[in-house]
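Each chain gets a letter, A, B and so on, in the order its sequence line appears, and its residues count up from 1.
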There are 2 protein chains.
Amino acid sequence: MDMTVKSAGADCRAVSEILSRIGDKWTIQVVVALRPGPHRFNEIKRRVGGISQQMLTRTLKTLERDGMIERSVRHTTPPQVAYALTPLGHSLSDTAKHLADWAAAHRGAIADNRIRYDNRKP
Amino acid sequence: MDMTVKSAGADCRAVSEILSRIGDKWTIQVVVALRPGPHRFNEIKRRVGGISQQMLTRTLKTLERDGMIERSVRHTTPPQVAYALTPLGHSLSDTAKHLADWAAAHRGAIADNRIRYDNRKP
DNA sequence: CTGCATCCGCCGCGATACTG
DNA sequence: CAGTATCGCGGCGGATGCAG
C-alpha cells in the first residue's frame, strides 16, 4: 500500500507526539541500558554515563508511568530497588535499535555533508 | 548475532547523538511532509501545522547542511524555492516511519498505563 | 542506597518586525 | 514569496542538600 500521501498528516502527528516523549536527553539511553535485563538504580546510573541522580529518577518514573519499565522493591536495609523492561519497553528498545542502526550507518555521511556545507558558505 | 550486551554502550551513544539532531520539535515533521515529493517553502509551512517561519527556516537549513534535503532556487519574481528529500533524507523518513508505526500501535496502551498509574498514586 | 526538593543557567522555540 | 534579526519566555536538565 502507498502511505506517501494519505497518512502523511497522521504519521506526522504520531511521530511528533512520540518524539516529545522519548526524544529527551535520557529516556532512550535508559531503555537501552535495561535491554540486557533488570538493573538497580546505581547500576543504571553507571551504565548511562553522565546522567544525574535526579534526571535518572525522573526518567525512571516517567517510564514506569508509561508502562515501559517495572519497579520492584526489596524492603531490606538498605532497600534494594530493581528496574526491568516490560514487553512494551522491549518493543520500544527494538524500535530504538532501528534508530541506532540508521545512526551508525549514516553518521559518517552526515558529518561529511556538514563539513562540505560549512566550507562552501563561510 | 546477539547485540543485547556487547554493543549496548555504542548503541546508547549513537542513539542519543541522533536523537539530539532529529529529536527536536520539527525536524521529523518536515521530513515526513516532504516524503511525497518536492515542495515550496509555504507549502511545507501549510503541511506542517503550527510551525513558525523562523523555525521552518532553521529546520530546513539544518536539514540541508546534513544533506537530508536539497534546495533549488528559480530566480523569478517573486523567486521560487523548492525543497526535496535526498536519498539520505528518504532513508531517514523510512526510519521515522518505523517510529510512527510503533507510536500508532502503542499510543493507546501508553495512555491507559498512564491513567492507571495516576489513579493508583493520587 | 534510593529518592525528593530547591535553586538556577541555558537554549529551544514562538512572536514580531523588517529586507529583497 | 522567502527569508533575516531581535526579544522574551518556559522548561529541561545540572548541582546541591536533605530524608527514609
State which residue, out of V31(A), L60(A), I44(A), V30(A), fulfils the side chain to side chain contact (heavy atoms under 4.5 Å, CB included) condition with I69(A).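 In the set V31(A), L60(A), I44(A), V30(A), the residue that makes a side chain to side chain contact (heavy atoms under 4.5 Å, CB included) with I69(A) is L60(A).
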
Taking the minimum atom-to-atom distance to the side chain of [X], which one of [options] wins?
{"X": "F41(A)", "options": "dG14(D), dG3(C), dG3(D)", "value": "dG3(C)"}
{"X": "V81(B)", "options": "dG3(D), dG13(D), dG3(C)", "value": "dG3(D)"}
{"X": "W26(B)", "options": "dC13(C), dC4(C), dG3(D)", "value": "dC13(C)"}

[N] phosphate, OP1 or OP2, under 4.0 Å from [X] side-chain N/O:
{"X": "Y83(B)", "N": "dC1(D)", "value": "no"}
{"X": "R58(A)", "N": "dG11(D)", "value": "no"}
{"X": "S52(A)", "N": "dG14(D)", "value": "yes"}
{"X": "K61(A)", "N": "dC4(C)", "value": "yes"}
{"X": "K25(B)", "N": "dG14(C)", "value": "yes"}

Which whole-number value in Å describes the distance from [X] [atom1] to [N] [atom2]?
{"X": "Q80(B)", "N": "dA2(D)", "atom1": "CD", "atom2": "C1'", "result": "11 Å"}
{"X": "I69(B)", "N": "dA2(D)", "atom1": "CD1", "atom2": "C1'", "result": "14 Å"}
{"X": "H75(A)", "N": "dG3(C)", "atom1": "NE2", "atom2": "P", "result": "11 Å"}
{"X": "R71(A)", "N": "dT2(C)", "atom1": "CZ", "atom2": "P", "result": "11 Å"}
{"X": "H39(B)", "N": "dC1(D)", "atom1": "NE2", "atom2": "P", "result": "16 Å"}
{"X": "I28(A)", "N": "dG13(D)", "atom1": "CD1", "atom2": "C1'", "result": "18 Å"}
{"X": "Q54(A)", "N": "dT6(C)", "atom1": "CD", "atom2": "C1'", "result": "9 Å"}
{"X": "L60(A)", "N": "dG13(D)", "atom1": "CG", "atom2": "P", "result": "14 Å"}

Which is more 5' along DNA chain D, the nucleotide nearest Q53(A) or the one nearest D24(A)? Just name the residue.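 By nearest-heavy-atom nucleotide position, the 5'-most residue is D24(A).
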
Between R114(B) and D118(B), is there a salt bridge with N-O shorter than 4.0 Å?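 No.
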
Under 30°, 30 to 60°, or over 60°: which ring-plane class applies to H98(A) and H98(B), parallel, tilted or perpendicular?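 If you compare the ring of H98(A) with that of H98(B), the planes turn out parallel.
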
Is there a donor-acceptor pair under 3.5 Å between the side chain of T27(A) and the backbone N or O of G23(A)?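 Such a contact is absent between T27(A) side chain and G23(A) backbone.
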
Mind checking if R74(A) touches a base, just sugar-phosphate, or nothing, with heavy atoms under 4.0 Å?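 Here R74(A) touches no strand at all.
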
Using a cut-off of 6.0 Å, state whether more than 12 heavy atoms not belonging to E70(A) lie near its atom CD.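 Open: at most 12 neighbouring heavy atoms sit under 6.0 Å from CD of E70(A).
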
